[in-house]
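What follows is one structure encoded as structure tokens, with my remarks underneath.
Values below: all heavy atoms of this structure, side chains included; hydrogens, waters and symmetry mates excluded. Protein chains get the first letters and strands the later ones, always in sequence-line order, with residue 1 at the start of each.
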Amino acid sequence: MTYDDVMKLALERGFYFPSSEIYADAQAGFWEYGPSGVSLKNKFLELWRRELVRRDKMIEIDGSQIMSKSVFDASGHLASFADPIVRCKKCKATHRADKIIVEVSQIEIPESADLDEFDKTIVEKNIKCPKCNGDFENAKKFNMMFEVGIGPEGESAYLRPETCQSIFVDFPRIFKTMRGKLPLGIAQTGKSFRNEIAPRQSLLRLREFYQAEIEVFCNPAKLNDLGKFSEIKDTKIRIQIDDEIKSMTCKEAVDSQTIPNEFVAYYLGLLAEFYEKTGINMEKSRFRKLGDKEKAFYAEVAFDFEVETAVGWLELVACNYRADYDLNSHATKSKEKFAVMDGDEKVLPHVFELSMGIDRSMYTILEHSLREDKENERMVLSLKPYLSPIHVGVLSLVKKDGLAEKTDEIYLNIKRKYDVFLDHSGAIGRRYRRLDEVGAPYAITIDHQTLDDDTVTIRMRDSMEQSRIKISELDEKLSKETAFP
RNA sequence: GCGGUCAUAGUAUAGCCUGGUUAGUAUUCGGGGUUUCCAACCCUGUGACGCGGGUUCGAAUCCCGCUGACCGCACCA
């Protein structure tokens, strides 16, 4: 399915839509989830908790979205999350100062350097705008963090550009009070904020977006000493090496040094098993090892988990081995002690991060699940039953003859346990089609026979097949069919 | 941020060039009827010119600005 097909579904069926859309000054990069989108997102996160957080005995926190200046001073975001930019006086085009200098003069100036240095070099080497040969204005820093003013004096703080900083900052307390033991995963879901220059494509590039992040704290001396590695050693993952994607088991990946150690391979394996269960087509996925130039400023080893969609390869998860970059910086700036005991050894833990983009995952799940059933003239959203916004539709075949009342009765009995959509009106076929489009895997229909023998028909979304089932067996059936795997 | 294309009901569109009707159509949606297991049919109802300014007796239509969407470039720690 194309991007436009997914967009249309999202708008018509309440998955997502533009924020503040009734006002003309609404800015780009902000989208809202509607009822169907929220329901899908909640279930996606429940699956994430099951497959990663609980499975690996991680613990979860929920931190502030606004954090102090010191946090981002220590994390490096104040200096490194900003691009030095120069603007052409003539054609107004904006360029990265460091890049344009390298292109013309081969002089490498780190992007965190003082602005004077860029200006000086541009003048010395007589660098002009590549588009129109015009002169540049003075270099400026464009920081992608949103600054906010706190209290009446407007003291400076920032909306977090990634959720993980609260995990690092909270680590000493959490490790102590939760009786932590290495390796320890700390997880968090929530919003992050980045002032993107050009947000695009609805959920794919947002200024305000959801992340589900996991930071695993570990003893760097024990990266190949992981008992639980056996759990995923045979799990297949697809890894891009040079231009070729190879499918191999996690064990093969470590043995061949495609992945540097068991520790990293274990978490990539968990991630692959998780995404398999979201219904994303894993044949269209890859882990891509990032080169030095692509990696974030804090990363030693980095793999992106990417999935192929109608708009190209999409990065869904960034997996970064951040080493002790973060704990070290926060320890130095705050004077707090971050080293912990691992057996008899005192270590400053290293961190491996799985930083998941929830919004992009939502889009990908929708795109990979949506199909057109031409034979039956319908669009079907073949979501996994446990992820569907609606588990089951409850329909009366006709409203009269007491069927509506009987239908209401069944609805009341199951509505608290499942996401149920009750519908009495219109042609039955039309109601089935509507349910197909929001991905409801089952529909039960109350007909005249129901009044005689207390059975209903149950219809499967994907096959359109129907069978009769006793009302008394309904709960057991639904419970089994909509359960998380 | 630069360049190109574009902006009319929930969705998809006609009308714009050549200014003047009650802004048309399809579908969706609400109510009613008929049928009774897969978007049928009949009746009925709700629903739109992105925002701001200008020209004009009169603007969805012409002009300017803004905002947004799409596509390329750049950006994506």
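- Looking at heavy-atom distances under 4.0 Å, Arg378(A) makes contact with a base.
- OP1 or OP2 of U28(B) lies within a sub-4.0 Å distance of a side-chain N or O belonging to Arg430(A).
- Geometrically, Arg459(A) engages Tyr432(A) in a cation-pi contact defined by less than 6.0 Å to the ring centre and at most 45° from the axis.
- Among C75(B), U11(B), A39(B), the nucleotide with an atom closest to any side-chain atom of Arg205(A) is C75(B).
- For C6(B), the paired base is G68(B) (Watson-Crick or G-U wobble, both distances below 3.5 Å).
- Without hydrogens or angle criteria, Asn320(A) side chain to Arg322(A) main chain gives no donor-acceptor distance under 3.5 Å.
- Nucleic acid contact for Asn376(A): none, since no nucleic acid atom lies under 4.0 Å from a heavy atom of the residue.
- Counting any heavy atom pair closer than 4.0 Å across all strands shown, Ala198(A) reaches a base atom.
- Put simply, the side chain of Tyr23(A) and the base of C51(B) share no donor and acceptor less than 3.5 Å apart.
- Partners of Ser472(A) under the side-chain contact (heavy atoms from CB on, under 4.5 Å) rule, at least two apart in sequence or in another chain, are Lys470(A).
- Taking 4.0 angstrom as the limit, Arg96(A) places a side-chain polar atom (N or O) nearer than this to OP1 or OP2 of C76(B).
- Within the nucleic acid shown, Gln466(A) comes within 4.0 Å of at least one base atom, counting heavy atoms only.
- Aromatic ring pairs are classed by plane angle as parallel below 30°, tilted from 30° to 60° and perpendicular above 60°; the pair Phe303(A) and Phe287(A) is perpendicular.
- To the nearest whole angstrom, the two C1' atoms, one in G30(B) and one in U46(B), are 7 Å apart.
- Here Gln449(A) does not reach the OP1 or OP2 of C37(B): none of its side-chain N or O atoms lies under 4.0 Å away.
- Heavy atoms of Glu437(A) sit under 4.0 angstrom from at least one base atom.
- Neither side chain, Tyr3(A) nor Gln201(A), offers a donor N or O lying under 3.5 Å from an acceptor on the other.
- In this structure, Glu162(A) reaches the bases: a heavy-atom distance under 4.0 Å links it to at least one base atom across the strands shown.
- Within 3.5 Å, a donor on the side chain of Arg200(A) pairs with an acceptor on the base of G72(B), or the reverse.
- One C1' atom belongs to C76(B), the other to A39(B), and the distance between them is 43 Å to the nearest Å.
- For Arg459(A) and C38(B), a side-chain-to-base donor-acceptor distance below 3.5 Å is present, hydrogens and geometry of angles not being considered.
- At a non-hydrogen distance threshold of 4.0 Å, nothing from residues 63-75 of chain A comes into contact with RNA chain B.
- Put simply, the residue from Asp452(A), Asp447(A), Asp401(A), Asp454(A) that forms a salt bridge (charged side-chain N to carboxylate O under 4.0 Å, His left out) with Lys406(A) is Asp454(A).
- Nucleic acid contact for Tyr3(A): sugar-phosphate only, since backbone atoms but no base atoms lie under 4.0 Å from a heavy atom of the residue.
- Listed candidates were C38(B), C70(B), U11(B). Nearest to the side chain of Gln201(A) is C70(B).
- In this structure, Arg87(A) does not reach the G1(B) phosphate: none of its side-chain N or O atoms is under 4.0 Å from OP1 or OP2.
- For the 3.5 Å distance criterion, the side chains of Glu162(A) and Ser192(A) fail to qualify, holding no donor opposite an acceptor.
- Below 30°, between 30° and 60°, or above 60°: for Tyr267(A) and Phe352(A) the angle between ring planes is between 30° and 60°, a tilted geometry.
- If you take atom P in G65(B) and the same atom in C70(B), they sit 23 Å apart, rounded to whole Å.
- Contact annotation: Lys399(A) reaches the phosphate of G32(B) (side-chain N/O to OP1 or OP2, under 4.0 Å).
- Pairing partner, G1(B): C73(B), with both Watson-Crick or wobble hydrogen-bond distances short of 3.5 Å.
- U8(B) and A40(B): their P atoms are spaced 28 Å apart (whole Å).
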